[in-house]
Structures are given as C-alpha cells and as structure tokens.
Amino acid sequence: MFAVYAEALHPDDPLAGLALGERPEPDPPEGWTTVDVKAASLNHHDLFSLQGVGLTEDRLPMILGCDAAGVDQDGNEVVVHAVISTPDWTGDETLDPKRSLLSEVHQGALAEQVTVPRRNVVPKPASLSFEQAACLPTAYLTAYRMLFTQSGLRPGDTVLVQGAGGGVATALVTLARAAGLRVYVTSRSERKRARALKLGAHEAVDSGARLPTRVDAVMETVGAATWSHSLKSLRPGGTVVVSGTTSGPDPDSAELRRIFFLQLRVQGSTMGTRDELRGLTGLMDVTGARPLVDRVLPLDHARDGFTAMAEGDLFGKVVFTV
Ligand SMILES: NC(=O)c1ccc[n+]([C@@H]2O[C@H](COP(=O)([O-])OP(=O)(O)OC[C@H]3O[C@@H](n4cnc5c(N)ncnc54)[C@H](OP(=O)(O)O)[C@@H]3O)[C@@H](O)[C@H]2O)c1
C-alpha cells in the first residue's frame with residue numbers, strides 16, 4: 001500500500017529522511033481493526049519524529065501520522081484515537097506510562113490503511129466530512145483536554161492562546177469560542193493575527209505584548225519563547241496549561257517567585273482520552289464548530305505539506321486525502 005514514512009532520522013534536516021512509497025499492508029493482531037483511511041492530517045509531531053524525537057533508528061522504516069478518519073472492517077465511519085495504551089490498562093489512557101502515539105511504536109496513519117486496537121476507534125458524526133474528522137485526534141483533542149479538563153475555565157471566562165497560527169492554537173480558538181469563552185491570542189505575524197480574529201478571537205496582539213486584561217488561563221504550546229509572557233498575563237490564582245514547546249523547553253527563568261506569590265497553577269496536558277475524543281466529536285456535531293483547514297493535498301503530495309509546516313507557513317491543519 002502507499003504510505004508516507006520515515007526512512008532516516010535527521011535532527012537538523014527532518015525532511016531529508018521523509019519517504020513516500022510502498023509499504024506492507026497491516027497485519028492486525030487479535031483485537032485490532034484495520035481502517036481504510038479516507039483522510040489523514042499532519043502534526044508537528046510528524047516533524048519531531050523525523051528529527052528522532054520519540055522515534056528511534058531501530059523502529060525504521062516507520063509510517064508517520066497520528067490522525068486519520070476512515071472506514072473500519074465492519075463498514076463504520078470512524079475517527080481513530082491515536083493514544084495506544086497497553087492492553088490491560090483501564091481508565092485515563094494518557095496516564096498509562098507505557099502508552100505511545102501512533103507512529104512511535106505502531107505504524108502510523110499517513111497510509112492507505114492503519115491498524116489500531118478496536119477500542120481506538122470512535123464513531124464519526126455524519127455532519128463531519130472525513131477531511132474535518134481527520135483533524136481531530138491530535139490537535140483538537142489536545143485542545144479539548146487543555147480547555148475542558150485541565151484549565152478550570154468556565155463559560156464567560158477569559159483565555160489567552162499563544163502562537164495563533166499553530167494547529168493546536170487554531171483548535172483552541174475554535175473550541176474556546178464554541179464553549180463561550182473570551183479569547184485573546186498572540187502571534188508574531190500580523191497576517192496570522194488578522195486570521196485569528198476572523199476565526200473568532202476577540203483580541204489579537206503581537207507576541208509578548210500587553211493584553212487588555214489579565215486572563216483566567218493561558219494555553220501554552222510555544223514554550224520558551226512565550227513562557228514569561230504567559231505567566232505575566234495571568235490573574236492571581238490563574239492557570240497555565242502547557243502541552244508543547246515548539247520554540248524549546250527551557251525558558252530563561254521558571255519565574256518561581258511569580259508562581260508562588262500570585263498562586264499560579266502550572267498544569268501539564270497530553271493528548272486526550274477516547275471518552276474526550278467522543279466528547280469532542282459531539283461538541284462539533286452539536287455546535288457546528290469545524291476544524292480550520294489550511295490546505296487539502298492528495299497523500300502523494302505529502303512532501304509539500306511537510307515543507308509548509310517546517311517553514312511555519314500554515315494557518316490551521318494540513319489534510320491529506322487518500
Ligand atoms: N502534548 C500533546 O499531547 C501535544 C499534542 C499536539 C501538539 N503538541 C505540541 O504542541 C506544539 C504545537 O503543535 P502544532 O501541531 O500546533 O504545531 P504548529 O502548527 O507547527 O504550531 C506552531 C506555532 O507555534 C508558534 N511559534 C513557533 N515558534 C515560535 C517562536 N519562536 N515564538 C513564538 N511563537 C512561535 C507559531 O505561532 P505564530 O507564528 O502565530 O507566532 C506557530 O504558528 C508542538 O510543540 C507539539 O509538539 C503537543
């Protein structure tokens with residue numbers, strides 16, 4: 001079958017190890033199902049994989065991709081949950097110390113077929129297209145858990161989303177608006193700030209600029225470059241939810257004095273559970289909110305999507321059709 005995979009790892013030149021071509025069809029173990037992929041989407045995780053973050057040489061070649069929507073062996077239209085927990089794990093899958101994401105240990109979703117444990121598929125609402133549904137399993141699920149499980153935010157509260165153009169960031173803006181939050185965003189790019197306003201943000205400011213008011217919570221995926229601004233933007237007792245460090249994991253200062261004196265809460269967040277993925281599909285179905293898609297490409301043009309992400313030239317998700 002046709003697939004997009006990593007054949008080598010290059011920390012400084014991720015695209016050098018990217019390959020497109022034939023890979024063996026999956027051979028699902030007992031209790032797993034094979035999904036005919038209709039659409040799949042790209043995440044920063046795929047670039048990190050090509051750099052050797054979360055992926056080791058001994059697992060190559062590895063089909064990339066965490067996100068897919070398609071049709072399972074029983075003919076159901078499904079969305080794939082990308083968090084693979086150990087078979088006997090019960091409860092919150094993201095807390096399983098041995099969990100992995102598709103494409104880290106098991107072959108990923110940028111292919112004509114992907115195989116996953118049966119419990120890792122949830123029904124796709126008829127109101128969502130395969131392209132829209134393929135955006136949900138990583139960026140939108142991560143945003144959903146950050147906003148609705150980890151932040152303590154309630155409708156009417158105010159939230160800051162750092163780095164407006166990213167896949168998770170645009171998901172955060174869309175879901176926060178759907179849930180009745182006041183949304184501020186930052187971006188280094190004037191064009192991206194304008195697009196964030198169009199997407200539904202109430203205010204958009206330059207990265208690092210002062211906000212109109214302090215916020216109840218900050219959604220942080222940029223990391224070192226925005227950490228200090230995130231802490232300074234919080235009201236006393238506010239929460240910063242961290243799920244990524246695109247600009248690096250080590251800020252100049254952790255600013256511990258500010259954290260204890262203002263009684264700030266720092267909350268990590270990773271992906272989401274299958275139940276949260278069901279909640280997310282339900283939220284989209286009920287509210288009519290839709291994932292923001294930057295571009296749709298056929299899977300055999302995947303290199304163009306990877307290049308655009310590596311250059312930071314995106315606003316929303318890159319979707320591949322199969
Ligand atoms: N924990 C989890 O489960 C989980 C799940 C999904 C993603 N993540 C992580 O979340 C992060 C975002 O993922 P993504 O797929 O949304 O990536 P993405 O689409 O590539 O997002 C990148 C965004 O980060 C901002 N950015 C990058 N470098 C910056 C800098 N030096 N200063 C300020 N802003 C900068 C940019 O915002 P502007 O250009 O608008 O300024 C850009 O739009 C990644 O680190 C990813 O690994 C974690």
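For ligands, and for the atoms within them, numbers begin at 1 and follow the listed sequence.
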Undergrad: Heavy-atom pairs closer than 4.0 Å: do any link ligand 1 to the side chain of S269, the backbone, both, or neither?
TA: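 For S269, the contact with ligand 1 is made by the backbone alone.
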Undergrad: Please round to the nearest 0.5 Å and tell me the distance separating atom CG of N120 and atom OG of S85.
TA: 6.5 Å
Undergrad: Below 4.0 Å, non-hydrogen atoms only: which portion of S187 touches ligand 1? Side chain, backbone, both or neither.
TA: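 Looking at S187 and ligand 1, atoms from backbone and side chain both fall under 4.0 Å.
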Undergrad: My understanding is that we take every heavy atom of each candidate and find the minimum distance to atom 16 (O) of ligand 1. Doing that for T94, L172, V168, which one comes out nearest?
TA: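 Answer by nearest heavy atom: V168.
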Undergrad: So, is S207 polar-close to ligand 1, with some N/O to N/O distance under 3.5 Å?
TA: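 N/O-N/O distance below 3.5 Å does not exist for this pair.
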Undergrad: Number the atoms of ligand 1 from 1 as they appear, then name those within less than 4.0 Å of a heavy atom of G165, with their elements.
TA: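 Answer, ordered by atom number: 40 (O), 43 (O).
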Undergrad: Number the atoms of ligand 1 from 1 as they appear, then name those within less than 4.0 Å of a heavy atom of S247, with their elements.
TA: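 Close to S247: 30 (C), 31 (N).
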Undergrad: Between R118 and D74, is there a side-chain N and carboxylate O pair less than 4.0 Å apart?
TA: yes
Undergrad: Of the backbone atoms (N, CA, C, O) and the side-chain heavy atoms from C-beta on, which set of T221 has a member under 4.0 Å from an atom of ligand 1: side chain, backbone, both, or neither?
TA: both
Undergrad: Report yes if some N/O of M271 lies less than 3.5 Å from some N/O of ligand 1; otherwise report no.
TA: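 N/O-N/O distance under 3.5 Å: yes.
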Undergrad: Check ligand 1 against G244 and write out every atom of the ligand that is under 4.0 Å from a heavy-atom position of the residue.
TA: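 Listed by number with element: 9 (C), 10 (O), 45 (O).
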Undergrad: Could you work out, for atom 6 (C) of ligand 1, the closest of L101, T245, T142 by heavy-atom distance?
TA: T142
Undergrad: Under the salt bridge (charged side-chain N to carboxylate O under 4.0 Å, His left out) rule, what do D157 and R235 come out as? Steps first, then yes or no, please.
TA: CA-CA 12 Å; D157 284 350; R235 65 157 168 80; 5.9 Å; no
Undergrad: Applying a 4.0 Å heavy-atom criterion (strictly less than), which segment of T138 is in contact with ligand 1: side chain, backbone, both, or neither?
TA: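 Within the 4.0 Å criterion, T138 contacts ligand 1 through side-chain atoms alone.
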Undergrad: Backbone, side chain, both or neither: what part of V222 comes under 4.0 angstrom of ligand 1, heavy atoms only?
TA: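 The answer is the side chain of V222.
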Undergrad: Between the candidates M309, R188, E311, K317, which shows the shortest non-hydrogen contact distance to atom 26 (N) of ligand 1?
TA: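 Among M309, R188, E311, K317, the closest heavy atom to atom 26 (N) of ligand 1 comes from R188.
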Undergrad: Walk me through whether D206 and R188 qualify under salt bridge (charged side-chain N to carboxylate O under 4.0 Å, His left out).
TA: CA-CA 6 Å; D206 197 2; R188 298 163 297 174; over 6 Å; no
Undergrad: Just to be sure I'm reading this right: ignoring hydrogens, which of A196, A225, G166, G316 gets closest to atom 42 (C) of ligand 1? Compare them by their nearest heavy atoms.
TA: G166
Undergrad: Apply side-chain hydrogen bond (donor to acceptor under 3.5 Å, both in side chains) to T149 and list each qualifying residue two or more places apart in sequence or on a separate chain.
TA: E276
Undergrad: Any N/O of T226 closer than 3.5 Å to an N/O of ligand 1?
TA: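 No, there is no polar N/O contact under 3.5 Å.
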Undergrad: Before accepting this row, confirm whether a basic side-chain N of the pair K317/D67 lies closer than 4.0 Å to the acidic partner's carboxylate O.
TA: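 Answer for the salt bridge query: yes.
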